[in-house]
Protein chains: 2
Amino acid sequence: MEPFTPGELAVMQILWEHGELKPAEVQQRYPEPIKNPALRSYLTILVEKGHVTRRKVGKAYFYKAKTKQTAAFKKSLKSIIQGYCDGSVRSLMLNLIRTEKLSEDDLLELKRLADEATQQGEN
Amino acid sequence: MEPFTPGELAVMQILWEHGELKPAEVQQRYPEPIKNPALRSYLTILVEKGHVTRRKVGKAYFYKAKTKQTAAFKKSLKSIIQGYCDGSVRSLMLNLIRTEKLSEDDLLELKRLADEATQQGEN
DNA sequence: GTTCATGTGCAGTACTCTCTGCACATAGAA
DNA sequence: TTCTATGTGCAGAGAGTACTGCACATGAAC
């Protein structure tokens with residue numbers, strides 16, 4: 001699964017959020033003004049690539065995401081980890097804590113989450 | 001700064017790691033076999049976009065990254081956070097802990113890092 | 001100066017992404 | 001049945017990416 005182009009990703013995110021829509025509805029929710037045929041070309045490409053399915057209802061088609069959001073998330077995260085963090089999630093975490101200015105609350109939350117995960121891992 | 005293409009990114013990573021190289025040296029380190037002119041076209045594009053500078057030494061040019069690795073890292077991380085994690089770093093962390101299978105050691109390390117950051121934040 | 005390896009510049013090809021325009025199809029209203 | 005709004009299919013343009021090939025330039029060796 002090669003990465004989504006910006007246009008494809010914008011469409012996927014709308015479909016992930018809203019479920020099943022027809023082109024005009026995706027068009028309305030697109031983050032910037034886009035003409036209907038341009039938007040439809042993205043949908044067509046996504047169908048060809050297997051990331052989206054469609055079914056006919058009346059005279060119109062409804063489009064639905066087939067590729068799961070979590071799968072796409074993992075994929076793009078993996079490419080960042082390999083590209084910038086020596087391939088290790090640990091290194092990514094380190095970078096995150098160092099380069100992003102996390103608030104006190106964020107750090108406490110982070111520790112709590114790590115604690116929870118540790119507990120679960122022991123069961 | 002729009003994102004690097006795969007070819008551009010591969011070249012940037014070599015330059016980030018090795019400093020200043022000539023095309024043939026970048027070519028040698030390229031992760032897959034690539035012909036010299038193909039590699040040079042990437043360098044030319046990167047110079048045109050302002051991500052790389054070059055200077056003449058003898059008859060050859062030496063190329064050096066101008067865009068910093070941390071800037072590129074932050075940029076691509078930001079696009080993931082906005083695309084998949086409601087725009088919040090906290091949500092990214094949550095997703096990381098849930099979807100990546102972190103080892104016991106990783107989680108302990110994570111808590112230690114968060115602790116360190118907390119301490120520093122208090123100074 | 002000639003030769004030779006190494007390096008450069010440039011023109012061009014194939015493919016993808018983004019986007020446009022237009023003709024045709026369909027469902028419902030009159 | 002005809003009209004209209006809405007939706008579809010398709011052909012293609014323009015820019016950018018990912019290359020290839022080749023002629024020309026340069027510095028070093030002889």
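These numbers were taken from a predicted model, which means no experiment stands behind them. First the proteins, then the strands, lettered A, B, ... as listed; each starts at 1.
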Legend entry - Phosphate OP1/OP2 of D:dC19: any B:Y42 side-chain N/O under 4.0 Å: yes
Inset, instruction - Keeping the roles fixed (side chain from B:Q13, backbone from A:G83), state whether a donor-acceptor pair exists under 3.5 Å. - result: yes
Contact class for [X] (heavy atom, under 4.0 Å): base, sugar-phosphate, or nothing?
X     : value
A:T5  : sugar-phosphate
B:A38 : base
B:K56 : nothing

Inset, instruction - Indicate the ring-plane relationship of B:H51 and B:F4, choosing parallel, tilted or perpendicular according to the 30° and 60° boundaries. - result: perpendicular
Separation of [N] [atom2] from [X] [atom1] (nearest whole Å):
X     : N      : atom1 : atom2 : result
A:I45 : C:dC17 : CD1   : P     : 6 Å
A:F4  : C:dT16 : CZ    : P     : 17 Å
B:E8  : D:dT17 : CD    : C1'   : 8 Å
B:Q27 : D:dC19 : CD    : C1'   : 13 Å

Legend entry - Under-4.0 Å salt bridge between A:E109 and A:R112: yes
Legend entry - Any N/O donor-acceptor pair, A:K59 side-chain to D:dT6 base, under 3.5 Å: yes
Inset, instruction - Measure distances between side-chain N and O atoms of B:R40 and base N and O atoms of C:dG7, and say whether any donor-acceptor pair falls under 3.5 Å. - result: no
